[in-house]
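Below: one structure, written as structure tokens.
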Amino acid sequence: MFTMKPIREYDIIELLNKGRFEGDLQGYILSDGADLFGYTLFIVDDDTITLLDSKTPDTRYLDGIIRASVAYGENQGAKFFSFNMEHNPFKKYKDVFFKDYSNKIEISILFSGCKH
């Protein structure tokens with residue numbers, strides 16, 4: 001059974017980051033026991049969580065880890081979320097679910113059901 005949880009060890013974040021992003025990075029992982037098979041990297045700055053990078057075995061897991069990461073950011077005070085649009089999985093996700101929105105989206109919209 002797989003689990004999603006915040007990354008608590010900063011050395012793991014650095015290993016996943018590979019020097020690409022700066023700032024107070026945070027992350028969420030998908031794992032099956034000790035096997036890491038997916039992650040997100042993000043930053044919470046002021047009232048916005050920005051999703052920077054992800055890796056999932058397929059798109060079935062992307063929505064779940066995005067939602068888990070955004071909820072985690074919301075618990076830290078974020079009111080909005082945005083995507084690194086240079087990361088193709090996030091660009092495709094936004095184009096499908098939030099095409100008519102700017103890249104600073106109210107978190108409540110993500111959790112409001114399928115009325116958008």
Side-chain angles (χ1 to χ4, degrees):
M1 185 167 109
F2 75 90
T3 59
M4 286 187 260
K5 61 184 179 181
I7 302 171
R8 300 283 185 214
E9 302 82 11
Y10 199 75
D11 58 330
I12 294 174
I13 290 174
E14 284 301 311
L15 180 68
L16 296 171
N17 183 32
K18 301 173 188 164
R20 296 171 295 155
F21 305 107
E22 294 183 11
D24 187 16
L25 296 177
Q26 299 181 54
Y28 234 81
I29 59 169
L30 285 166
S31 62
D32 186 2
D35 292 332
L36 171 72
F37 68 94
Y39 68 88
T40 57
L41 292 177
F42 54 86
I43 192 164
V44 179
D45 189 25
D46 294 324
D47 63 353
T48 305
I49 175 174
T50 302
L51 295 148
L52 300 169
D53 187 35
S54 69
K55 179 184 176 193
T56 58
D58 58 51
T59 57
R60 294 179 297 165
Y61 299 99
L62 185 62
D63 181 62
I65 200 161
I66 286 172
R67 289 172 179 272
S69 300
V70 170
Y72 185 75
E74 183 178 37
N75 286 335
Q76 294 182 17
K79 306 271 187 263
F80 301 92
F81 69 100
S82 66
F83 297 103
N84 171 10
M85 296 303 286
E86 293 178 14
H87 182 61
N88 201 40
F90 290 156
K91 182 178 181 335
K92 287 180 181 179
Y93 185 89
K94 184 184 180 298
D95 287 347
V96 169
F97 295 105
F98 302 103
K99 183 178 181 177
D100 296 330
Y101 291 85
S102 72
N103 196 24
K104 188 171 181 179
I105 305 163
E106 289 183 48
I107 288 176
S108 61
I109 293 170
L110 179 63
F111 299 115
S112 67
C114 293
K115 53 186 166 182
H116 51 52

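Treat the numbers as computed from the prediction; the structure is a model and nothing was measured.
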Checklist line | Same apolar cluster (I L V M F W Y, side chains within < 4.5 Å links), Y61/L110 | finding: yes
Margin query: Would you compute the distance between atom CG of L30 and atom OG1 of T3 and round it to the nearest 0.5 angstrom?
Written below: 8.0 Å
Next item on the list: Not counting sequence neighbours, which residues clear salt bridge (charged side-chain N to carboxylate O under 4.0 Å, His left out) with R60? List them please.
Entry: D58
Note to self: Any heavy-atom pair between the side chains of F21 and N84 that's under 4.5 Å?
What the structure shows: yes
Checklist line | More than 12 heavy atoms from other groups under 6.0 Å of CD on Q76 | finding: yes
Next item on the list: Would you give the length of the straight line joining atom CD1 of I29 to atom OG of S69, rounded to the nearest 0.5 angstrom?
Entry: 11.0 Å
Check: Do you know the tightest heavy-atom contact between F111 and E74?
Finding: CE1-OE1, 4.2 Å
Checklist line | Nearest-0.5 Å distance, CZ of residue R20 to NE2 of residue H87 | finding: 8.5 Å
Check: Mind checking whether I49 and Y10 sit in one hydrophobic cluster, side chains of I, L, V, M, F, W, Y counted as touching below 4.5 Å?
Finding: no
Checklist line | Worked check of side-chain contact (heavy atoms from CB on, under 4.5 Å) between D53 and Y39 | finding: CA-CA 8 Å; D53 187 35; Y39 68 88; 2.8 Å; yes
Note to self: Is there a side-chain contact between D24 and V44 in this structure, where contact means two heavy atoms from C-beta onward sitting under 4.5 Å apart?
What the structure shows: no
Next item on the list: Just jot down the side-chain hydrogen bond (donor to acceptor under 3.5 Å, both in side chains) partners of D45, sequence neighbours excluded, or say none.
Entry: none
Checklist line | Non-hydrogen atoms of L62 and S54 that approach each other most closely | finding: CD1-OG, 3.7 Å
Next item on the list: Say whether V70 and Y72 are linked into one hydrophobic cluster, either directly or through other cluster members, by side-chain heavy-atom distances under 4.5 angstrom.
Entry: yes
Next item on the list: Check whether I43 and L15 end up in the same hydrophobic cluster, where Ile, Leu, Val, Met, Phe, Trp and Tyr are linked by side-chain heavy atoms less than 4.5 Å apart.
Entry: no
Note to self: Are the side chains of L41 and N17 in contact, using a 4.5 Å heavy-atom criterion?
What the structure shows: yes
Margin query: Between I65 and I12, is there shared hydrophobic-cluster membership here, with clusters defined by ILVMFWY side-chain heavy atoms closer than 4.5 Å?
Written below: no
Checklist line | Y93 side chain reached by I66 side chain, heavy atoms, under 4.5 Å | finding: yes
Margin query: Using 0.5 Å steps for rounding, measure from the CZ atom of F2 to the OG atom of S31.
Written below: 9.5 Å
Note to self: Looking only at the side chains, is there a donor atom on one of T50 and S82 sitting less than 3.5 Å from an acceptor on the other?
What the structure shows: yes
Next item on the list: Compare all side-chain heavy atoms of K104 with those of D47 and state whether any distance is below 4.5 angstrom.
Entry: yes
Check: Around K55, counting heavy atoms of other residues, nucleotides and ligands shown, do more than 12 lie under 6.0 Å from its NZ?
Finding: no
Check: Who passes side-chain hydrogen bond (donor to acceptor under 3.5 Å, both in side chains) against E106, sequence neighbours left out?
Finding: none
Margin query: If the test is ring-ring contact (aromatic ring centres under 6.0 Å, His included), which one of F81, F42, F83, F97 qualifies with F90?
Written below: F83
Next item on the list: Output the distance between atom CD1 (I13) and atom CD (Q26), rounded to the nearest 0.5 Å.
Entry: 7.0 Å
Next item on the list: State the CG-CG distance between L52 and L25, to the nearest 0.5 angstrom.
Entry: 6.5 Å
